[in-house]
Undergrad: 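One structure coming up, written as structure tokens, with questions to follow.
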Amino acid sequence: MSKFDPYEHLSIRLNPDGTLTRLSNFPKTVANPGVIPALPTVSKDVTVNDETKVWARIFRPTKLPSNDNTVARLPIVFYFHGGGFVFYSAANLSTHQPCSALASEIPAIVIAVDHRLAPEHKLPAQYEDAVDTILWVKKQALDPEGEKWLRDYGDFTRCYLGGRGSGGNIAYHAALRTLNYDIKPLNVIGIFLNQPMFGGKQRMPSELTYATDQLIPLPVLDLLWELALPKGTDRDHRFCNPLADGAYKSKVSSIGRCLVFSFTMDPMFDRAQEFVQMLVKHGVQVEARFDAVGFHNIDTVDPQRSQALMNIIKEFII
């Protein structure tokens, strides 16, 4: 591992001013606010915060369920993409496609948050962007002229936060931070974390076993945390290690239901197990789906696994 270059692995260059040059171009797609035949959803982009330039892409199904000829209200899912806090956006196909699938299959109103990226914006900027988006939706709910898709089709009393990888980390911390705000009429009743990105200084057995993982070998995970964490902190900061800060954990019992996915060949598998044990200890209603066969991001390359996860999320969101 001594000759391994995590910057090269990630196709990034660190600039003298602390910003990154990202050498990979990940495919993007535009929103489609008008119905397109054969597409199960429509989508639109909205500005959440003019100052930070944070925006979101809202998805809604084209086929809306109804009760007695009245359109049924849909749960609202706030979705946070993966990418180690460093990559991707709400416009990338890797975000757009799963959010469209969530919106059509649950069905739900899905809000994909385009948060700021590290290291240009270190944590907790991403958590702040998540909370800003939740408060923006509250504003729409209270404004008679607010965002029409949300007001006409969304059920503000059934909100969920979810994400994959670093997005799972963001969903968890956003749920905790939201407890500090009056978000009524919104009500966050659950969070789902798909292979959440957590860490710590002390190496876990799964990290050592899969230290040379093809996608996220240990030096890459370490670098991502170095780029994302506040200056002067280490991997035992609560943003990385949810077990590290006792005072912060006092809020955990109030975050509602929680669904956690992980796979045994993921270097962070033991972190997910430890995280679930912590939640249970604090009285959280947890559903842990740990698969004995699979690696990090397997659901992005295995359609059957992706559909299996989707079915579990559909059951979770009530």
Side-chain angles (χ1 to χ4, degrees), residues 6-15 19-48 53-62 77-105 108-121 126 129-130 133 162-171 194-195 197 213-217 220-221 223-224 227-228 261 266 294-307 309-310 313:
Y7 286 93
E8 183 178 337
H9 181 86
L10 292 171
S11 296
I12 56 176
R13 283 202 304 260
L14 186 63
N15 302 317
T19 62
L20 281 186
T21 297
R22 296 164 177 84
L23 302 172
S24 297
N25 289 315
F26 302 104
K28 292 184 176 182
T29 187
V30 296
N32 57 295
V35 174
I36 298 175
L39 286 185
T41 61
V42 287
S43 58
K44 66 167 73 170
D45 295 342
V46 296
T47 300
V48 170
K53 305 290 193 295
V54 171
W55 60 277
R57 181 165 291 179
I58 305 176
F59 298 79
R60 74 163 176 84
T62 53
V77 176
F78 294 84
Y79 184 86
F80 307 97
H81 64 77
F85 305 104
V86 169
F87 296 107
Y88 305 132
S89 83
N92 285 122
L93 283 173
S94 59
T95 307
H96 184 98
Q97 290 175 339
C99 286
S100 178
L102 282 169
S104 64
E105 293 202 31
I109 301 294
V110 177
I111 302 172
V113 180
D114 194 75
H115 60 72
R116 290 169 289 176
L117 298 178
E120 292 84 357
H121 304 279
Q126 292 73 16
D129 296 344
T133 307
R164 64 175 308 112
S166 56
N169 177 299
I170 294 169
N194 181 5
Q195 306 159 75
M197 182 175 170
D213 181 77
Q214 288 189 352
L215 180 65
I216 47 169
V220 167
L221 276 173
L223 174 60
L224 290 171
L227 294 171
F261 297 101
D266 186 332
F295 47 85
H296 190 76
N297 280 0
I298 187 174
D299 52 311
T300 64
V301 295
D302 183 339
Q304 286 186 318
R305 202 66 65 96
S306 176
Q307 188 59 52
L309 264 62
M310 175 67 73
I313 293 171

Undergrad: For the residue pair Ser166 and Gly84, what are the closest heavy atoms and their distance?
TA: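 It is OG-N, 3.2 Å.
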Undergrad: Ala108: what forms a side chain to side chain contact (heavy atoms under 4.5 Å, CB included) with it, not counting sequence neighbours?
TA: Pro75, Val77, Ile106, Val110
Undergrad: So, Asn92 side chain and Phe26 main chain: donor-acceptor pair closer than 3.5 Å or not?
TA: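 Present.
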Undergrad: Could you tell me whether the side chain of Ile111 reaches within less than 4.5 Å of the side chain of Thr133, counting heavy atoms only?
TA: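 In contact.
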Undergrad: Please enumerate all residues that pass side-chain hydrogen bond (donor to acceptor under 3.5 Å, both in side chains) together with Asn297, with sequence neighbours excluded.
TA: Arg164
Undergrad: Spell out, as yes or no, whether a donor-acceptor pair under 3.5 Å connects the side chain of Ser24 to the backbone of Ser11.
TA: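 No: the side chain of Ser24 does not pair with the backbone of Ser11.
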Undergrad: Could you list the residues that satisfy salt bridge (Lys or Arg N to Asp or Glu O under 4.0 Å) with Asp45, not counting sequence neighbours?
TA: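 Once residues adjacent in sequence are excluded, the partners of Asp45 under the salt bridge (Lys or Arg N to Asp or Glu O under 4.0 Å) criterion are Arg57.
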Undergrad: Is the ring pair His81/His115 parallel, tilted or perpendicular, if the boundaries are 30 and 60 degrees?
TA: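 Plane angle under 30°, so parallel.
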Undergrad: What residues form a side-chain hydrogen bond (donor to acceptor under 3.5 Å, both in side chains) with Gln97, not counting sequence neighbours?
TA: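 In terms of side-chain hydrogen bond (donor to acceptor under 3.5 Å, both in side chains), with neighbours along the sequence ignored, Gln97 is linked to no residue.
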Undergrad: Using 0.5 Å steps for rounding, measure from the OG atom of Ser89 to the CH2 atom of Trp55.
TA: 5.0 Å
Undergrad: How many angstroms lie between CZ in Phe295 and CG in Asp302, if you round to the nearest 0.5 Å?
TA: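 Phe295 CZ to Asp302 CG: 7.5 Å, rounded to 0.5 Å.
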Undergrad: For Ser100, which residues count as a side chain to side chain contact (heavy atoms under 4.5 Å, CB included) partner, sequence neighbours excluded?
TA: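 Side chain to side chain contact (heavy atoms under 4.5 Å, CB included) list for Ser100, sorted by chain: Pro40, Thr41, Phe59.
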Undergrad: Asn15: which residues meet the side-chain hydrogen bond (donor to acceptor under 3.5 Å, both in side chains) condition with it, sequence neighbours left out?
TA: Thr19, Thr21
Undergrad: Could you grab the distance from atom CG of Leu39 to atom OG1 of Thr62, nearest 0.5 Å is fine?
TA: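 With rounding to 0.5 Å, CG (Leu39) is 8.5 Å from OG1 (Thr62).
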Undergrad: With sequence neighbours left out, write down each residue that passes salt bridge (Lys or Arg N to Asp or Glu O under 4.0 Å) with Arg305, or none if nothing qualifies.
TA: Asp291
Undergrad: How would you list, by chain and number, every residue that makes a side-chain hydrogen bond (donor to acceptor under 3.5 Å, both in side chains) with Gln195, sequence neighbours excluded?
TA: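 Result, side-chain hydrogen bond (donor to acceptor under 3.5 Å, both in side chains) vs Gln195: Asp299.
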Undergrad: Would you confirm whether Asn194, through its side chain, and Gly163, through its main-chain N or O, come within 3.5 Å as a donor-acceptor pair?
TA: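 Between the backbone of Gly163 and the side chain of Asn194 there is no qualifying donor-acceptor contact (under 3.5 Å).
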Undergrad: What closest approach, in Å, do Ala112 and Ala90 show between heavy atoms, and which atom pair accounts for it?
TA: O-CB, 3.7 Å
Undergrad: Check Leu227 against Ala118 and note the closest heavy-atom contact, atom names and distance.
TA: O-CB, 3.6 Å
Undergrad: Residues two or more places apart in sequence or in another chain: which of them pass salt bridge (Lys or Arg N to Asp or Glu O under 4.0 Å) with Arg13?
TA: none
Undergrad: When you compare the side chain of Val220 with that of Asp213, does any pair of heavy atoms fall below 4.5 Å?
TA: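 Asp213 vs Val220: side chains apart.
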Undergrad: Looking only at non-hydrogen atoms, find the nearest pair between Phe85 and Ala228 and report the distance.
TA: CD1-CB, 3.8 Å
Undergrad: Starting at CE of Met197, measure out to CG of Asp266 and round the result to the nearest 0.5 Å.
TA: 11.0 Å
Undergrad: Once you round to the nearest 0.5 Å, how far does OH of Tyr79 lie from CD1 of Ile170?
TA: 10.5 Å
Undergrad: Counting N and O atoms only, with roles assigned by atom type, does the side chain of Gln126 sit under 3.5 Å from a partner on the main chain of Arg116, one being a donor and the other an acceptor?
TA: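 Yes, Gln126 side chain to Arg116 backbone: donor-acceptor pair under 3.5 Å.
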Undergrad: In Å, rounded to the nearest 0.5 Å, how long is the span from CD1 of Ile12 to CG of Leu20?
TA: 4.5 Å
Undergrad: Go through it in stages, so that I can follow the logic: the residues are Val48 and Asp129, the test is side chain to side chain contact (heavy atoms under 4.5 Å, CB included), and I'd like the CA-CA distance, side-chain angles, deciding distance and then a yes or no.
TA: CA-CA 9 Å; Val48 170; Asp129 296 344; over 6 Å; no
Undergrad: With His296, which residues qualify under ring pair (Phe, Tyr, Trp, His ring centres under 6.0 Å), at least two apart?
TA: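 His296 satisfies ring pair (Phe, Tyr, Trp, His ring centres under 6.0 Å) with no residue once adjacent residues are dropped.
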Undergrad: Does any part of the side chain of Leu14, heavy atoms only, come nearer than 4.5 Å to the side chain of Tyr7, both counted from C-beta?
TA: yes
Undergrad: How close do Phe87 and Leu10 get, counting heavy atoms only, and between which atoms?
TA: CZ-O, 3.5 Å
Undergrad: Could you note down all residue pairs passing salt bridge (charged side-chain N to carboxylate O under 4.0 Å, His left out) where residues 22-37 supplies at least one of them, sequence neighbours left out?
TA: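 Qualifying pairs, neighbours excluded: Arg22-Glu120.
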Undergrad: Under the salt bridge (Lys or Arg N to Asp or Glu O under 4.0 Å) rule, collect the residues that match up with Asp114, sequence neighbours excluded.
TA: none
